[in-house]
Amino acid sequence: MDRATRSYPVSESLSHARGVENLVLFIDDDLRETGLALGSVETYLVEILKLLESPRMSREEVHALAADTQVLDHVDMLTETLETLRRRLAKLAASLR
């Protein structure tokens with residue numbers, strides 16, 4: 001998902017749209033940032049699942065996951081990047097014929 005450093009085939013619809021190259025690059029960046037935030041939230045959820053499936057769990061381990069506020073930052077980032085992505089997609093849609 002990096003059109004800035006790789007070449008990708010241009011779709012028929014995008015080839016007829018004017019001035020959307022930078023917008024598509026921003027959309028690519030939003031996709032990358034959204035994926036990173038989503039991956040971080042998924043990692044947190046997997047850690048919880050591992051803990052629940054472990055033969056033994058300690059209060060400290062459960063508390064550490066419960067007290068992890070970083071996941072909330074990732075959720076906030078996910079929300080922000082999804083909002084930006086949707087806004088830019090709407091702008092791209094308006095540019096297409």
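Only this structure's heavy atoms are used, side chains among them; waters, hydrogens and symmetry mates stay out.
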Please report, to 0.1 Å, the donor-acceptor pairs under 3.5 Å made by any side chain of residues 76-83, with sequence neighbours excluded.
| residue | atom | partner | partner atom | Å |
| --- | --- | --- | --- | --- |
| Thr79 | OG1 | Val75 | O | 3.0 |
| Thr81 | OG1 | Thr34 | OG1 | 2.9 |
| Thr81 | OG1 | Met77 | O | 3.0 |
| Thr81 | OG1 | Leu78 | O | 3.1 |

Inset, instruction - Decide yes or no for Ile48 and Leu52: does some side-chain heavy atom of the first lie under 4.5 Å from some side-chain heavy atom of the second? - result: yes

Inset, instruction - Indicate the atoms forming the closest heavy-atom contact of Glu47 with Leu65, along with that distance. - result: O-CD1, 3.9 Å

Legend entry - Value rounded to 0.5 Å, distance of CZ in Phe26 from NZ in Lys91: 9.0 Å

Inset, instruction - Go through Glu33 and Asp29 one step at a time and tell me if the side-chain contact (heavy atoms from CB on, under 4.5 Å) criterion holds. - result: CA-CA 6 Å; Glu33 288 181 14; Asp29 190 48; 3.1 Å; yes

Inset, instruction - Spell out, yes or no, whether Leu85 and Leu36 are grouped together once hydrophobic residues are joined by side-chain heavy atoms under 4.5 Å, including indirect joins. - result: no

Inset, instruction - Check the surroundings of atom OH in Tyr44: do more than 12 heavy atoms from other residues, nucleotides or ligands lie under 6.0 Å from it? - result: yes

Legend entry - Over all atoms of both residues, closest heavy-atom pair of Ser54 and Arg56: OG-O, 2.9 Å

Legend entry - Residues forming a salt bridge (charged side-chain N to carboxylate O under 4.0 Å, His left out) with Arg88, sequence neighbours excluded: Asp30

Inset, instruction - Tell me, yes or no, whether the heavy-atom count around Glu42 atom CD, taken from other residues, nucleotides or ligands under 6.0 Å, exceeds 12. - result: no

Legend entry - Heavy-atom check, side chain of Ile27 versus side chain of Leu31, under 4.5 Å: yes

